[in-house]
Q: 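This structure is in structure tokens; I'll ask about it shortly.
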Protein chains: 2
Amino acid sequence: MTQDGRRLRGLRSREAILEQAVGLASVEGLDGLSLGRLAAATGTSKSGFFAHWRDKEQLQLDAVEWASRQWTERVVVPAMQAPAGVRRLFALHEARLRFYGEGVLPGGCFFFAVQAEVDDRPGTLRDRVARAMREWQEFIRRQVAEAMALGELAESVEVAQLAYEIDALGEMVIIHSRLADGPASLVHARRAVLQRLRALCPDPTLLPED
Amino acid sequence: MTQDGRRLRGLRSREAILEQAVGLASVEGLDGLSLGRLAAATGTSKSGFFAHWRDKEQLQLDAVEWASRQWTERVVVPAMQAPAGVRRLFALHEARLRFYGEGVLPGGCFFFAVQAEVDDRPGTLRDRVARAMREWQEFIRRQVAEAMALGELAESVEVAQLAYEIDALGEMVIIHSRLADGPASLVHARRAVLQRLRALCPDPTLLPED
DNA sequence: TACATTAACGACCGATCGTTTGTATAGTTG
DNA sequence: CAACTATACAAACGATCGGTCGTTAATGTA
């Protein structure tokens, strides 16, 4: 199982295809992502995919994996460089908004585009997407709990409640920025969480004023 | 152009088909809603649709119209029975949550399922969906502004900001309840808006405590 | 009664879907 | 070098897609 040149070349095109697939899926969803169009976008042939994946579902599963790793690298990891507590919590929110604002994915958010498709369709794909989202929300909850343990959030805070609010205010940027408000929703989402955290934090100077 | 029996019969099946279409689209989206499956669900034939609609896009446009009216009847109208101001604002939020919680549509929310599909695809359909959503958000903003005019919200409130928060906290119930938290997200969404309004309202007794 | 219109249908069209098959080729191993 | 393996392809498959066509039965109008 040594990685010789063949596998290396294969891995390279595999990664290139997955990157394209995640980008396309963030726009058209996992169903709209047809093998024909993906082939055209990557400059390969439809049948070439089956050298890398047994069927379309395997490709979709790997795309979910790829999107998860991308999210971790571009959102979670940068936020972890902020000091633990309420500052890291807000850094996490800002990192997400930066991800959206910079247009890393042409459709904004891979998981948002995919949720509506899989949530009513049981199967491995749905399970994998649901797990990724549960891990993400659990991660937010951990940051909230840590901020509380550090005394940086009022004791009256309920962890799951605040975590829901932070996630909701961030995620909805995708909808609002694309169909209605445009970039203004980024400002609204940032301020909503910032003011909420400042109101709950005994030492608001930990957070920017505006 | 008098409405004789033929047209009446046509209208009846037209409405029945549209109701099915909106329900199916709330689950599978407007693309997933294929004419073949819609025909099977309504017990008619594919080709029968073309007696009512020129092509699929016209059916989709009418489905958007139907979903808009349903939303108005089931959410907006009931909320308007509450006294203007902060109580009506919260009644609007609760009416939405009731709509989701009761499972009026099998997929939860028609517009949520459709947004991700149309937002990157210019055309009449996208325009119509975007208009419906802009009207809804503008309606929320009007209620916020009215509550402020009545002195039921602190003067520091920015209308668009608060409206964004209320809408985001409500809409995200669809995602969270279907892939992660389940019904708990309804509780989170309700409490988030309730506490936010109570904190901003000079007379919190206008709103329930919990 | 004679005629027009409508709802609804079955059969079929070209296009595209995911997938299979067979093949050519480049890289690795004995 | 020969034998083998992984990559990639063109061609074709059955299924399904949105849509057309011609027809039938029912309902209206003159």
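Every chain is numbered from 1 and lettered A, B, ... according to where its sequence line falls, protein lines coming before strand lines.
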Q: Flag the pair A:Arg131 and A:Glu135 as a salt bridge only when some basic side-chain nitrogen lies within less than 4.0 angstrom of an acidic carboxylate oxygen.
A: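 Looking at A:Arg131 and A:Glu135, the cut-off is met.
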
Q: Under 4.0 Å between a side-chain N/O of B:Ser34 and OP1 or OP2 of D:dC17, yes or no?
A: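 The answer is yes; a side-chain N or O of B:Ser34 sits under 4.0 Å from OP1 or OP2.
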
Q: Between A:Leu38 (CG) and C:dT19 (P), how many Å, whole number?
A: 13 Å

Q: Out of A:Arg98, A:Glu102, A:Arg96, which residue meets the side-chain hydrogen bond (donor to acceptor under 3.5 Å, both in side chains) rule with A:Tyr100?
A: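 When A:Arg98, A:Glu102, A:Arg96 are each tested with A:Tyr100, the side-chain hydrogen bond (donor to acceptor under 3.5 Å, both in side chains) holds only for A:Arg96.
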
Q: Can you tell me how far P of C:dC17 sits from CD of A:Glu57, to the nearest Å?
A: 19 Å

Q: Atom CZ of A:Arg12 to atom P of D:dA6: distance rounded to whole Å?
A: 18 Å

Q: Between protein and nucleic acid, restricted to nucleotides 20-22 of chain C and to nitrogen or oxygen atoms under 3.5 Å apart, what atom pairs and distances do you find?
A:
none

Q: Please pick, from C:dA8, D:dG19, C:dC9, the nucleotide with the shortest atom-to-atom distance to any side-chain atom of B:Thr44.
A: C:dC9

Q: Answer yes when A:Glu165 and B:Arg196 have at least one side-chain N-carboxylate O distance shorter than 4.0 Å, and no when they do not.
A: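 Not counted as a salt bridge, because no side-chain N and carboxylate O are separated by less than 4.0 Å.
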
Q: In whole angstrom, what separates B:Ile17's CD1 from C:dA8's P?
A: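 Whole-Å distance recorded here is 7 Å.
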
Q: Hey, is the side chain of A:Ser13 poking within less than 4.0 Å of OP1 or OP2 on D:dA8, counting only N and O atoms?
A: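 The answer is yes; a side-chain N or O of A:Ser13 sits under 4.0 Å from OP1 or OP2.
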
Q: Using whole Å, report how far CG of B:Leu35 lies from C1' of C:dG10.
A: 16 Å

Q: Rounded to the Å, how far apart are A:Phe49 CZ and D:dC9 P?
A: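 For the pair A:Phe49 CZ and D:dC9 P, the rounded distance is 9 Å.
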
Q: Rounded to whole Å, please give me the gap between CG in B:Leu59 and P in D:dC17.
A: 15 Å

Q: Under the side-chain hydrogen bond (donor to acceptor under 3.5 Å, both in side chains) rule, what pairs show up with a residue in residues 50-62 of chain A, not counting sequence neighbours?
A: A:Arg14-A:Asp62, A:Trp53-A:Asp62

Q: Is it true that atom CD of B:Gln195 has more than 12 heavy atoms of other residues, nucleotides or ligands lying nearer than 6.0 Å?
A: yes

Q: For the pair made of CD in B:Gln60 and C1' in D:dG18, what is the distance, rounded to whole Å?
A: 11 Å

Q: Between C:dA8, D:dC17, C:dT19, which nucleotide has the shortest distance from any of its atoms to the side chain of B:His52?
A: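 It is C:dA8.
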
Q: Give the intermediate values and the outcome of ring pair (Phe, Tyr, Trp, His ring centres under 6.0 Å) for residues A:Trp66 and A:Phe110.
A: CA-CA 10 Å; A:Trp66 203 94; A:Phe110 173 85; 9.2 Å; no

Q: Do B:Glu28 and A:Arg121 sit within salt-bridge range, that is, some charged N less than 4.0 Å from a carboxylate O?
A: no

